[in-house]
**Student:** 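First the structure, then my questions, so here it is.
Everything numeric in this text was worked out from a predicted model, so none of it was measured. Protein chains get the first letters and strands the later ones, always in sequence-line order, with residue 1 at the start of each.
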Number of protein chains: 2
Amino acid sequence: MRRSDRLLELMTRLRDGRIHRAEDLAARFGVSVRTIYRDMDTLAASGIPVEGTRGSGYRALDTLTLPPLSLTPAEIEALQLGLAIVAEAPDPDLKAAALSLTEKMDAALPSEAPTDRDAALAVYPFSDAARGFSHMSTIRAAIRGRQKLRLSYRRPDDVWSFRTIRPLQIDHFGRVWSLTAWCELRNDFRVFRLDLIESADILPELFVDEPGKSLADYRAAG
Amino acid sequence: MRRSDRLLELMTRLRDGRIHRAEDLAARFGVSVRTIYRDMDTLAASGIPVEGTRGSGYRALDTLTLPPLSLTPAEIEALQLGLAIVAEAPDPDLKAAALSLTEKMDAALPSEAPTDRDAALAVYPFSDAARGFSHMSTIRAAIRGRQKLRLSYRRPDDVWSFRTIRPLQIDHFGRVWSLTAWCELRNDFRVFRLDLIESADILPELFVDEPGKSLADYRAAG
DNA sequence: CGGCTCCTGACAACTTTATGTCAGTAATTC
DNA sequence: GAATTACTGACATAAAGTTGTCAGGAGCCG
């Protein structure tokens, strides 16, 4: 039996909630006790929460282990968004689980901090995820592609407007999704509620960060 | 340089989007070409989407790799719930990412198919996650513990009722969360909307699956 | 076609890792 | 205190994994 197979089966075996003595495990696998101790070291080093108590034996917390996964940026985004949503659930168990998992993933992801360019989607506490999604695809594409957008927008007071904007970031806080952008009509930053955007069309026109018009400027001013 | 270090740097190097020839990589790492081919095999076997084209070279899709993670059942649940929510987003990119990720995780999780006992939370398409969460914690605990619940429930037509139920499963479809249970008042299966549950108290009374009253029976009859 | 490059198999040399044995320490339970 | 069991270090040996070399096959492109 190969070492890796033994480690795998050890994990499975430890998960039954009972206490296991190193000597029994050694006999079961036909290896020496010393080897079992070394295996436990290896498991612990891999993040499996196995706990040995002198005088009694080993037990493992009830966990499942996910193998290494290779994720596309979109999948990472979906994952983070999903967890952020669950983290707002009133169920404290779920909420705690989502938070601790988010923490684990943050620790696990490469330190390359997400750049502004990648952070096209920022997640905030929210309560009603469903509304206002309809133009998200277009808008995200525009943010990524640095393309200007032509918006047809209905203000909360039912006044209509048409404007060209430089989309910067999609956020969600409070109840709705919103889009932070530089508005070329007002010549200032504006935040648009996604559910009030009637139409959004990508213009062929590209834009670059100009001093005073970038996301960093918005945050600095915010 | 250890093999594992080389593999890690290979991954990083491949992620730059350019095409790399095996010979160049071999020279860079001071190993033979044959070793590079073997490394590519190893990476592919680990799920890293590296693609070699005869006549041109290697390139890797833009991905990040998550190391093995050890997750508690609650975290797995949070993860699956979050992805199920995102999978309903109207944004096709996000939706596709969530679905493919769900698939990956399903494939990755141990083959132990979730039992009915573990499947206390089934996820369906949904649109308004926020409402009706307030008793979820209690209810999930009761499902897990096989404990009866005392419900104070307001029907959609505003008629109040009090009943003892055997909680079986929490679902979400359409717009609200709901609880499938065996109702001891009606002596039949009933589905309750969580947002209409006024109070839910766990009774000390345990229950066991009786023929005709289990989740399997409900599904069979469904 | 010819040139490029990926790709595969086999085998021997080499390097690393895993393992058993032994000797002893430390916490826990009774 | 006695029994029990987890732990640690050292070292020789056994096992496993890694690598280079060589010989040849297979898809892609101009």
Side-chain angles (χ1 to χ4, degrees), chain A residues 1-63 65 67-70 72, chain B residues 1-63 65-70 72 108:
Chain A
M1 180 182 220
R2 281 178 321 177
R3 184 181 120 103
S4 54
D5 293 334
R6 190 182 62 236
L7 286 172
L8 208 67
E9 196 175 329
L10 253 183
M11 283 174 43
T12 316
R13 205 164 279 260
L14 283 174
R15 204 150 59 207
D16 66 3
R18 283 181 301 193
I19 302 261
H20 298 266
R21 298 187 321 137
E23 200 179 326
D24 297 342
L25 293 170
R28 166 64 186 79
F29 290 113
V31 296
S32 78
V33 190
R34 187 66 181 86
T35 297
I36 294 294
Y37 291 133
R38 281 192 272 244
D39 285 351
M40 292 303 177
D41 245 23
T42 307
L43 290 182
S46 307
I48 285 110
V50 43
E51 188 186 330
T53 315
R54 296 171 204 258
S56 72
Y58 286 102
R59 71 189 198 90
L61 275 55
D62 186 21
T63 63
T65 301
L69 288 176
S70 200
T72 67
Chain B
M1 180 183 221
R2 283 178 319 176
R3 185 180 117 104
S4 55
D5 292 334
R6 191 182 60 236
L7 286 173
L8 208 68
E9 195 175 329
L10 254 182
M11 282 176 42
T12 316
R13 206 163 280 260
L14 283 175
R15 206 149 58 206
D16 66 4
R18 283 180 300 192
I19 302 261
H20 298 266
R21 299 188 321 137
E23 199 180 328
D24 297 342
L25 293 170
R28 166 63 187 77
F29 290 113
V31 296
S32 79
V33 190
R34 185 67 181 86
T35 297
I36 295 293
Y37 291 136
R38 280 193 273 244
D39 285 351
M40 293 303 177
D41 243 23
T42 306
L43 290 182
S46 307
I48 286 110
V50 42
E51 188 186 330
T53 315
R54 297 169 203 260
S56 72
Y58 286 102
R59 70 188 198 93
L61 275 54
D62 185 21
T63 64
T65 301
L66 229 47
L69 288 175
S70 198
T72 67

**Student:** Map A/Gly30 and A/Ser56 onto DNA chain C by nearest heavy atom, then report which one ends up closer to the 5' terminus.
**Tutor:** A/Gly30
**Student:** How bent is the helix from C/dC1-D/dG30 to C/dC30-D/dG1, measuring the angle between the end axes built from five pairs each, rounded to 10°?
**Tutor:** 60°
**Student:** Select base, sugar-phosphate, or nothing to describe what A/Arg34 touches, counting heavy atoms under 4.0 Å on all strands.
**Tutor:** base
**Student:** Under 3.5 Å, which donor-acceptor pairs link side chains of residues 47-54 of chain B to any protein atom two or more places apart or in another chain?
**Tutor:**
none

**Student:** Look at all strands and tell whether A/Val31 reaches a base, only sugar-phosphate, or nothing, counting heavy atoms closer than 4.0 Å.
**Tutor:** sugar-phosphate
**Student:** Taking only residues two or more places apart in sequence or in another chain, which ones pass salt bridge (Lys or Arg N to Asp or Glu O under 4.0 Å) with A/Asp24?
**Tutor:** A/Arg21
**Student:** With sequence neighbours excluded, what pairs up with B/Arg18 under the side-chain hydrogen bond (donor to acceptor under 3.5 Å, both in side chains) test?
**Tutor:** B/Asp16
**Student:** Just the endpoints, please: which first and last nucleotides of DNA chain D, 5' to 3', lie under 4.0 Å from a heavy atom of chain B?
**Tutor:** D/dT18 to D/dC28
**Student:** About how many Å separate CG of A/Leu10 and CG of A/Asp5, when rounded to the nearest 0.5 Å?
**Tutor:** 11.5 Å
**Student:** Contact boundaries of DNA chain C with chain A (under 4.0 Å, heavy atoms), 5' to 3'?
**Tutor:** C/dA18 to C/dT28
**Student:** Run the side-chain hydrogen bond (donor to acceptor under 3.5 Å, both in side chains) test against A/Glu9 and tell me which residues pass, sequence neighbours left out.
**Tutor:** A/Arg13, A/Arg28
**Student:** Minimum heavy-atom separation for B/Leu8 to B/Thr12, with atom names?
**Tutor:** O-OG1, 2.9 Å
**Student:** Taking for each residue the nucleotide of DNA chain D bearing the nearest heavy atom, is the 5' side occupied by A/Arg2 or by A/Arg38?
**Tutor:** A/Arg38
**Student:** Quick one: on DNA chain C, does A/Gly55 or A/Met1 contact a more 5' nucleotide (nearest heavy atom)?
**Tutor:** A/Met1
**Student:** How many angstroms lie between atom CZ of B/Arg2 and atom CG of B/Leu7, to the nearest 0.5 angstrom?
**Tutor:** 11.0 Å
**Student:** Output a table of donor-acceptor pairs, distance under 3.5 Å, between side-chain atoms of residues 30-41 of chain B and any protein atom two or more places apart or on a different chain; print 'none' if there are none.
**Tutor:**
unit_1	atom_1	unit_2	atom_2	d
B/Ser32	OG	B/Arg34	N	3.4
B/Ser32	OG	B/Thr35	N	3.4
B/Ser32	OG	B/Thr35	OG1	3.3
B/Asp39	OD1	B/Arg6	NH2	3.0
B/Asp39	OD2	B/Arg6	NE	2.7
B/Asp39	OD2	B/Arg6	NH2	3.0

